[in-house]
Amino acid sequence: MFSSSILLQILACAIYSNWWPMLSALMYVVVPMPCMFFGGGSTQFLISRDGGGWIDAAKFLTGASTVGSLAIPIILRHAGMIETGAMLIEFTSFFIFICTVMCFHRASLDDDDW
């Protein structure tokens with residue numbers, strides 16, 4: 001699923017001969033960083049109510065980078081730098097990426113039950 005998301009990113013750029021949409025692919029690298037740095041590689045902290053400085057910072061950074069993944073194509077389209085079709089392909093890619101993250105999160109929760 002992740003590979004098809006990246007493929008759609010590349011297609012959004014190649015079809016319209018414009019490589020600006022690859023900026024949102026940068027956010028795909030940024031989204032899992034708070035989990036790796038502050039959550040110990042687990043996504044369990046995202047659904048917990050436990051607080052603390054670093055846990056809250058990780059939740060905020062994860063949310064901000066997720067919103068940034070949606071905002072970049074919208075801003076680029078508003079500025080006239082990409083076509084509407086490229087923006088829609090970017091949104092499809094983002095949806096597939098989010099489904100991938102949700103599947104990973106579900107699988108990691110199932111591993112904790114064992």
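Each residue takes its place number in the sequence, starting with 1. Quantities reported herein were computed from a predicted structural model and do not represent experimental measurements.
The CD atom of Glu83 sits 7.0 Å away from the OH atom of Tyr16 when rounded to the nearest 0.5 Å. Interatomic distance, CD1 of Ile72 versus CZ of Phe94, reported as 10.5 Å (0.5 Å rounding). Distance check, rounded to the nearest 0.5 Å: CD1 of Ile82 to CH2 of Trp19 gives 13.5 Å. How far CZ of Phe91 is from CD1 of Ile98: 12.5 Å, rounded to the nearest 0.5 Å. Between the CE atom of Met81 and the CG atom of Asn18 there is a distance of 7.5 Å, given to the nearest 0.5 Å. We find the CD-CG distance between Gln9 and Leu23 to be 10.0 Å, quoted to the nearest 0.5 Å.
If you chain together hydrophobic residues whose side chains sit under 4.5 Å apart, Ile6 and Leu70 fall into the same group. Put simply, Ile96 and Val67 are part of two different groups of oily side chains (I, L, V, M, F, W, Y) that touch within less than 4.5 Å, one to the next. A continuous path of hydrophobic side-chain contacts links Met22 to Trp20 [ILVMFWY only; heavy atoms under 4.5 Å]. Ile75 and Val31 end up in different hydrophobic clusters when Ile, Leu, Val, Met, Phe, Trp and Tyr side chains are linked at under 4.5 Å. In the hydrophobic clustering of this structure, Ile89 groups with Leu7; members are Ile, Leu, Val, Met, Phe, Trp, Tyr whose side-chain heavy atoms approach within less than 4.5 Å, directly or through other members.
Checking Ser5 against Ser93 by side-chain atom types alone, a donor-acceptor pair falls below 3.5 Å.
In this structure the side chain of Thr84 reaches within 4.5 angstrom of the side chain of Arg77, judged on heavy atoms.
For the pair Glu90 and Pro73, the tightest heavy-atom approach, listed with the atom from each and the gap, is CB-CG, 3.9 Å. Here the closest non-hydrogen pair linking Ala86 and Pro21 is CB-CG, 4.4 Å.
Phe97 and Tyr28 have parallel rings, their planes meeting at less than 30° on a 0 to 90° scale where 60° marks the start of perpendicular.
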